[in-house]
Each structure stands twice: as structure tokens, then as C-alpha cells.
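The sequence lines fix the lettering, A, B, ..., with proteins before strands; numbering per chain opens at 1.
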Amino acid sequence: MLSLKYIRENTGYVQESLTHKQSQVNISNLLEFDIQRRNCLKEVEVLRAEKNQVSNSIAELKKAGGNAEKDIAEMRSVSNRIKTVEADLRKVEESIANDIYYVPNIVHSSVPVGKNETENIVIKKWGDVPEFSFDPKDHLSLGEDLQLFDFKRSVKMAGAGFPLYTGLGAKLERALINFMLDFHTSKHNYTELFPPFLAHTNAMQNTGQLPKFKEDMYQIPEDALYCIPTAEVPVTNFHQGEIIPEAELPKKYAAYSACFRREAGSYGKDTRGLIRVHQFNKVELVKFVHPDESYKELETLLENAEAILQALGLHYRILELCSGDLSFSAAKCYDLEVWSPAENKYLEVSSCSNFENFQARRSNIRYRNKSTGKSELLHTLNGSGVATPRLMVALLETYQQKDGTIKLPTALHPFMNLEKISIP
RNA sequence: GGAGAGUUGGCAGAGCGGUAAUGCAGCGGAUUGCUAAUCCGUCAACCUUUAAUUUGGUUGCACAAGUUCAAAUCUUGUACUCUCCGCCA
């Protein structure tokens, strides 16, 4: 979240950011509350100062054995007055707290202004669009022929949108996860975490999923817990409330988790197979960095995610998201999209975002500034490195052979103990 | 599920109705003939004021209600942590 002080002092810039983000949030209410709050505060503080003074003289009188009846009578009325003004103050502060959690992050100055996803900018393409001497099958028929997943039976367990991997499909899914975790920890120096898959309200609020996106999440009301939509939630909260010595920055974590998303409102879109699902697997990269370094760190984060697709030899492109397509908490974001030969389009497998201090303020994550000795909010970033379902789609479709087998890229051989997936 | 203990600054830790001790670490300064010591100050948030890292003030003892002239301290509720018992992969 933004600080109220920041909104007050940079109203023009915040408003411009909101417009660019296509946000309907109204900050004039917030500013009005801010004025009310400061008026109340002034009044309360004067009264409290008086209270403290009289209170001291009562204490001294009593110590000296004198009579404090007059002061006590005065204090009674002051105390009552304080109570009513405090009640007003509390009301205003509640209104502020309610509103400010719905104000999205500001947009970084380097982000192109645009209305929606059609105005995102392709900044890079890597590899070639694969060509086939035969009619390539889509991932669904490949999966069926090779018995890699079973969408009919998964319905018996959890319903549509919950993928069930079978046989070599299950093994391939596991291989992808292991490959990515090993890759990031050994080559990019991330520390591996294996987090809880449920999180409470507070953790969800800290990363920005709550309160705005409640209906997108699976909930367990009995225990006030939510199924995490991404490992970003537990991993960012790893350092919640902590002050990290500046010398220890950046902190880098890689974590596998299952991810749960209700995808409310998206029914009918991309419902085929693995392309849009309620539960999927993902390796997430999270960084805690010095504010001066966060945009440099965003570039390396993107490179780390790209390296996975490169190692697997998959054609992809990078989008720089325009302001209108930026998510609630992000100040800047790149999307990685991998090529699906059968869909004949690019599929998003990763978003790499800089949240600046938006999440850090909510989560109270700071670093100790070495030169001033003061604690300051740090910047958080995260990116998928990467999500498996669409990666699987691209992988199967890209590496399919004329005889119906899948020739696996060498990077996966040690994880599969196999070079080729063939008809059982 | 049952019983008990606890939650105070970056950390450790006292206070148990009358201005939140003290130690360590950090930062700033002073001093001393050097891997360091000693002394002083500072050490959260907010409001106000300022050229300012200045001034004045308020708050802050897990959170919330209450009692009181006055609450870290008393009462009640809630959350979380730990210990023991029970159940269990």
C-alpha cells in the first residue's frame, strides 16, 4: 500500500498513476479523511497535553499530602472531552484504513502508458517458431495418446479444472519442478524454501491478494485460512516484520508450491486442458532488495526466468506490460510467454514484477541503512520461474515427433531418466 | 480437544496504578600512540514547525473494550507463541 503521507504530498502523481492504471479508485475521499484526521489529532493532542500536565500536578500534590480535589474535577471534564474526540478520530482512521488498502501501487515512470493488454509492448523474442513436416497435435491429444493426464477421472475427485497427471505425465511434471528448483538454486543462487500452502488473512493482505481479490481465492472459513494462489504469499511473508541488515541484501528465494485459483468470472475462456486450471504447480522466485537496486534486480529476475525456457529450448517472447494491464500491487511488470504450436499463440508462463515498497509497507519489512543506522522499507520483487501447466503444453507440442513420441530436451534427461516419451 | 505459562524498542530484560529502568548491538560525536578501550548523545510512529537530519507536542508495553482524576500495571474478551496431557500420519 501507499502511505497516506505520500498520497498527500504527491497527489498529482498518484492521480496520474491511477488514471494510467485504469483504476476507478477515488483518492479525494481519502484526502478529505486525511484533513479530518489531522484536525482531530491536533485537538486530541492539545487536550492530552493538558491532561498530562494536570495529572502530574495531582501526583505531586498527593505525594506532598495536599488536596487535589479541584484538579481532579477539572480532569474529569477534560477526560470526557478527550473520549469524544478520540471516538471521532478512531472513526476517521477506520475509514482511512478501509480505503487505503484499495489504492493500487503507483506506476513506474518507465512503464508505457496504455489502456489494456492490447497495448503491451513486445520487447524480445527468443528462438524460432518450431516448424513441422506433419500436422502437429495439440497437448490434449498428445496427452491422451501417451496417457500423460486424465481429465475425466480428475472430475471424480475435485471437478473440472483440477488436473490429474498420470504415468510419465506425472513424472514429467515432477521432473519440471525439480529441474527448475535445481536450476535456480545452483545457477542463480536462490535459497530454496518449501512453504505452507495455506495462509491466513494477514499474510494475504500483506502481499495484496486481500482485501481486493477475496473471491478469487479458495477459503477455509473454519480456520480463517486461504489456499495460496502463489508461493509469493508465504515466501514474501518469510521476512514479515523483520529488519534485515543492509549487507545481507539482496535476499533471494526460490520456492515450489501448488497454486489455487478460483478463476471466478473466467468460465468459458481457455477451458481446454491445461491452459487455465484451478490448481497448478509453480516455482516462484522472490527477492528482497535495496530500494536503489530494485529495477536492476527486476532485469536479472527476468533473465533468471528466461533461462528456464532457454534451457528447454522453447520459443518465447517478453512483453513489457503497459500501465493499464499492470496488476494492483505492481509498479512495473514483464510477462514471459511461451509458444504453443497447436494453439498457434503465445501462452503466459511467468510475470516478473517490481512491487517497490508496496508489499514491504503492508508487511513491515525493512532493512537497516548502514550509513544512517535507520530502518527503511525495502523493495520486493517476484516472478514465476515458471508455472508448469502451459510450460507442459509448449514442451509436448514443440517436441512431438511424427511417430507420436515426444523427444525430451537434454536438460530434462537426468530428471526423467529417459530421452523420449513414447506410446505405452 | 483439555490444562498451564507467556507476549514490553533491533535484541536481551526490569517495572505490577502517578513522566517506559538498565545492558548489548547500530548510528553520530569526543578523547586516548595504533586489531581496541572509555565517555557523551542518539536510537519507533505520528502531528506541528523549519532551509534543515530544526522546534514544540502526542502516541507507543500483542489487539480490543472497561474501571480510574490517572493504566505497561487492575478487570473482561480476542489473537498468537511455548510447555504438559489426549488423539493422530
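- Defined by atom type and a distance below 3.5 Å, a donor-acceptor pair is present between the side-chain atoms of A:Y316 and A:E306.
- For the P atoms, the distance linking B:G10 with B:C63 amounts to 14 Å, nearest Å.
- Nucleotide B:U67 forms no Watson-Crick or G-U wobble pair with any nucleotide shown, as no partner meets the under 3.5 Å limit on both distances.
- B:A20 is unpaired under the criterion used here, namely a Watson-Crick or G-U wobble arrangement in which both key atom distances are under 3.5 Å.
- Using a 4.0 Å heavy-atom cutoff across all strands shown, A:S371 reaches sugar-phosphate atoms only and no base atom.
- Here A:R37 pairs with A:E93 in a salt bridge; the nearest charged N to carboxylate O distance falls below 4.0 Å.
- The aromatic rings of A:H188 and A:Y190 lie perpendicular to each other, with more than 60° between the two planes, well past the 30° mark.
- B:A12 and B:U7 have their C1' atoms separated by 15 Å, given to the nearest Å.
- Here, B:G9 and B:A14 have their C1' atoms 14 Å apart, quoted to the whole Å.
- Relative orientation of the A:Y165 and A:F149 rings is perpendicular, given thresholds of 30° and 60° on the angle between their planes.
- Of the C1' atoms belonging to B:A72 and B:A62, the separation is 12 Å, rounded to the nearest Å.
- A:K374 comes within contact range of the sugar-phosphate backbone alone, with a heavy-atom separation under 4.0 Å but no base atom that close.
- B:U58 sits 11 Å from B:A20 when the P atoms are compared, rounded to a whole Å.
- Residue-level contact check: A:N369 touches neither bases nor backbone, having no heavy atom under 4.0 Å from any strand.
- Judged by Watson-Crick or G-U wobble contacts below 3.5 Å, the nucleotide B:G6 has B:C80 as its partner.
- The partner of B:U73, taking Watson-Crick or G-U wobble pairs whose two distances both stay under 3.5 Å, does not exist in any strand shown.
- Within 4.0 Å (heavy atoms only), A:S55 reaches at least one base atom of the nucleic acid.
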When you look at A:K252 and A:T191, which way does the side-chain contact (heavy atoms from CB on, under 4.5 Å) test go after all the steps? CA-CA 6 Å; A:K252 298 160 64 176; A:T191 302; over 6 Å; no
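- Salt-bridge formation is not detected for the pair A:R81/A:E86: no Lys NZ or Arg NE/NH1/NH2 atom is positioned less than 4.0 Å from an Asp or Glu carboxylate oxygen.
- Looking at heavy-atom distances under 4.0 Å, A:I58 makes contact with a base.
- The same atom, P, is picked in B:G77 and in B:C84; the two are 26 Å apart, to the nearest Å.
- Side-chain atoms of A:S110 and A:K332 include a donor-acceptor pair closer than 3.5 Å.
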Taking only distance into account, with no hydrogens and no angle test, what donor-acceptor pairs under 3.5 Å do side-chain atoms of residues 254-261 of chain A form with protein atoms, sequence neighbours excluded?
from	atom 1	to	atom 2	distance (Å)
A:Y256	OH	A:N281	OD1	2.6
A:R261	NE	A:P229	O	3.0
A:R261	NH2	A:P229	O	3.0

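- Both A:E45 and A:I243 sit near RNA chain B, but only A:I243 has its closest nucleotide nearer the 5' end.
- Looking at which nucleotide of RNA chain B each of A:S79 and A:E50 is closest to, the 5′-most match is held by A:E50.
- Judged by Watson-Crick or G-U wobble contacts below 3.5 Å, the nucleotide B:G1 has B:C85 as its partner.
- Counting any heavy atom pair closer than 4.0 Å across all strands shown, A:R8 reaches sugar-phosphate atoms only and no base atom.
- Taking the six-membered ring for Trp and thresholds of 30 and 60 degrees, A:H239 and A:Y253 have ring planes inclined between 30 and 60 degrees apart.
- For B:A14, there is no paired base (Watson-Crick or G-U wobble, both distances below 3.5 Å).
- Across all strands shown, B:U38 forms a Watson-Crick or G-U wobble pair, both distances under 3.5 Å, with B:A30.
- Protein chain A contacts RNA chain B from B:G10 to B:A70, reading 5' to 3' and using non-hydrogen atoms of the protein with a distance under 4.0 Å.
- Within 4.0 Å of A:R90, counting heavy atoms only, lie sugar-phosphate atoms of the nucleic acid but no base atom.
- Of all nucleotides present, none satisfies the Watson-Crick or G-U wobble test against B:U50 with each distance under 3.5 Å.
- Separation of the P atoms belonging to B:A25 and B:A37 is 8 Å when rounded to the nearest angstrom.
- Annotation: B:U75 and B:C82 have their P atoms spaced 26 Å apart (nearest Å).
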